Visitor: 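Okay, handing you the structure first.
Because the structure is predicted, anything quoted here is derived from the model rather than measured. Hydrogens, waters and symmetry mates are skipped; everything else that's a heavy atom, side chains included, is used.
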Amino acid sequence: MRKVCVVVGSRANYSSIKSAMREIRDHPELRLQLVVGASALLDRYGTVLDLIETDGFEPDERVFMLIEGETPGTMAKSTGLGLLELPTAFERLEPDVVVTVGDRFETMATALAATYMNIPLAHTMGGEVSGNIDESIRHAVTKFAHVHFPASKGAAERIVRLGENPENVHMVGCPRMDLVAEVLAQDGDGLSDLFQFGVGGSFDLDRPFLLVSQHPVTTEYGDGERQITETLKAVQEVGLPAIVLWPNADAGAEHIARGIRKFREHEDDSKLHFFKNLPTDDYIKLMRKTACIVGNSSSAIREGSFIGMPAVNIGPRQEGRDRGSNVVDVDYERGRVAAAIRAQVEHGRYEHEPIYGEGKAGEKIAAILAERPLSIAKRMTF
């Protein structure tokens with residue numbers, strides 16, 4: 001059996017590869033190996049490992065590689081620590097192929113470790129355009145990878161233009177859409193116990209509410225507290241209740257978190273409920289019900305276009321990413337954010353736009369990993 005090692009380092013990593021993990025685990029010619037590390041192991045980010053285990057996956061290795069501080073320097077050091085620790089895990093597991101996800105610092109550490117060890121590397125969600133350091137990491141990992149699983153047609157074309165062999169580029173769609181399609185096919189929402197977790201006020205989820213998901217922009221390090229404060233003030237001005245999610249572990253996360261904590265301390269938060277993390281299914285159910293998602297998460301663009309969810313995207317973090325008609329872009333000024341939220345709530349649902357696939361990505365990834373020859377050979381092609 002071909003051993004496929006998937007490295008999960010964050011909640012975004014997990015939701016972006018969960019369906020493929022499931023298909024790999026269940027494929028008769030594949031054996032799933034799972035390495036969990038970085039913020040996915042830490043309580044301050046919601047202990048994603050608990051969700052992974054609840055979903056029936058057992059990690060083969062746990063790799064602690066996140067240096068606290070959430071500064072540009074600690075991001076660089078965490079990448080180095082991952083590069084020290086991941087080779088030990090790969091030596092023990094002896095995978096036939098390593099799968100790395102997206103564009104985070106642990107993705108770079110995974111790519112470097114696997115390729116230096118002559119292990120074929122498969123990369124999901126490459127070729128996309130966005131702001132932030134993510135774009136540089138994403139394209140760099142593309143140049144290390146031997147098998148490419150882009151999520152959209154435009155992304156696949158960019159990978160080929162980067163000099164990758166078209167035979168190794170497989171436009172499978174985004175595995176996150178697999179989960180969205182499954183949840184949308186279910187009856188009921190299963191959210192009656194939601195407010196037993198997290199902190200803050202509770203409200204009727206059958207009435208209009210907002211979903212706020214805002215992460216640090218590494219190229220604007222130091223400005224995160226002001227940015228999230230503008231967003232929360234805008235939400236307050238609109239007057240709708242909101243669910244607010246904790247930021248990811250990128251440089252500047254503590255600035256965002258501090259802004260959230262200060263808002264809770266000094267403002268009326270009775271209409272807000274805060275979560276460190278949410279099970280993927282619950283997050284999708286909230287996206288299906290919300291009047292509008294606000295912030296700079298890629299989920300507003302990826303899942304948002306699939307669901308037809310109104311989205312207000314703030315700042316440059318998703319700049320250039322392939323998107324549907326559901327997204328309105330604004331800067332960090334609270335008045336503009338509030339006006340955009342009101343307009344999107346008034347507009348309501350958009351049409352389904354399957355820019356990132358129709359929900360079969362995991363199945364396709366497993367089939368390709370089982371059937372295609374694997375090679376560590378790399379050569380620029382034009």
Visitor: May I ask you to say whether K18 pairs ionically with D55, meaning some side-chain N is under 4.0 Å from a carboxylate O?
Guide: yes
Visitor: Given L32, which partner from the list H27, M1, M21 fulfils the side chain to side chain contact (heavy atoms under 4.5 Å, CB included) test?
Guide: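 Going through H27, M1, M21 one by one, the side chain to side chain contact (heavy atoms under 4.5 Å, CB included) with L32 is satisfied by M21 alone.
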Visitor: In the hydrophobic clustering (ILVMFWY, side-chain contacts below 4.5 Å, transitive), which residues join Y221, or is it alone?
Guide: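 The other cluster members (ILVMFWY side chains, heavy atoms under 4.5 Å, direct or chained): none.
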Visitor: Around E319, counting heavy atoms of other residues, nucleotides and ligands shown, do more than 12 lie under 6.0 Å from its CD?
Guide: no
Visitor: Judged by atom type as modelled, is there a donor-acceptor pair below 3.5 Å linking the side chain of N326 to the main-chain atoms of A300?
Guide: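 Indeed, once roles are kept as given, a pair shorter than 3.5 Å links the two residues.
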Visitor: Quick one: does E267's side chain get under 4.5 Å of L232's, heavy atoms only?
Guide: no
Visitor: Does V101 offer a backbone N or O that forms a donor-acceptor pair with the side chain of T107 under 3.5 Å?
Guide: yes
Visitor: Would you say T290's side chain and M287's backbone share a donor-acceptor pair under 3.5 angstrom?
Guide: no
Visitor: Are N248 and S10 close enough that some pair of their side-chain heavy atoms sits under 4.5 Å apart?
Guide: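 SC-SC contact between N248 and S10 ruled out.
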Visitor: Sort out for me which residue in K153, R302, R138, R158 forms a salt bridge (Lys or Arg N to Asp or Glu O under 4.0 Å) with E128.
Guide: R302
Visitor: Evaluate side chain to side chain donor-acceptor pair (under 3.5 Å) for S130 paired with Q318, printing each intermediate quantity in order.
Guide: CA-CA 5 Å; S130 69; Q318 304 300 334; 5.3 Å; no
Visitor: Looking at R336, R323, R317, R321, which one forms a salt bridge (Lys or Arg N to Asp or Glu O under 4.0 Å) with D329?
Guide: R323
Visitor: Y332 and side chain to side chain donor-acceptor pair (under 3.5 Å): which partner among E230, E220, R226?
Guide: E220
Visitor: Keeping E164 on the side-chain end and M380 on the backbone end, is there a donor-acceptor pair under 3.5 Å?
Guide: no
Visitor: Return yes when atom NZ of K378 has more than 12 non-hydrogen atoms of other residues, nucleotides or ligands closer than 6.0 Å, and no otherwise.
Guide: yes
Visitor: Using only atom types and a distance under 3.5 Å, with no angle test, would you say the side chain of S39 pairs donor to acceptor with the backbone of G9?
Guide: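 Yes, the answer is positive, given that a donor and an acceptor are paired below the 3.5 Å cut-off.
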Visitor: Strictly below 4.0 Å, N to O, side chains only: are R2 and E29 in salt-bridge contact?
Guide: no
Visitor: Would L162 end up clustered with V169 when hydrophobic side chains under 4.5 Å apart are linked, directly or stepwise?
Guide: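 Different clusters.
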Visitor: Please tabulate, for side-chain N and O atoms in residues 253-262, each donor-acceptor pair with protein atoms closer than 3.5 Å (sequence neighbours left out).
Guide:
{"residue": "E254", "atom": "OE1", "partner": "R44", "partner atom": "NH2", "Å": "3.2"}
{"residue": "E254", "atom": "OE2", "partner": "R261", "partner atom": "NH2", "Å": "2.3"}
{"residue": "R258", "atom": "NE", "partner": "E225", "partner atom": "OE1", "Å": "2.8"}
{"residue": "R258", "atom": "NH2", "partner": "E225", "partner atom": "OE1", "Å": "3.4"}
{"residue": "K262", "atom": "NZ", "partner": "E225", "partner atom": "OE2", "Å": "2.9"}

Visitor: Report the relative orientation of the aromatic rings in H273 and F275; use parallel for angles under 30°, tilted for 30 to 60°, perpendicular for over 60°.
Guide: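 If you compare the ring of H273 with that of F275, the planes turn out tilted.
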Visitor: Between D96 and R31, is there a salt bridge with N-O shorter than 4.0 Å?
Guide: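 Looking at R31 and D96, the cut-off is not met.
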Visitor: Taking only Lys NZ, Arg NE, NH1 and NH2, and the carboxylate oxygens of Asp or Glu, determine whether E58 and R25 approach each other closer than 4.0 Å.
Guide: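 No, no charged N to carboxylate O under 4.0 Å.
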Visitor: Main chain of L30, side chain of K3: is a donor-acceptor contact present, judged purely on distance under 3.5 Å?
Guide: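 The answer is no, because no donor-acceptor pair under 3.5 Å joins these two groups.
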Visitor: Report yes if the side chains of K289 and F209 come closer than 4.5 Å at any heavy-atom pair, otherwise no.
Guide: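 Yes. Closest side-chain heavy atoms under 4.5 Å.
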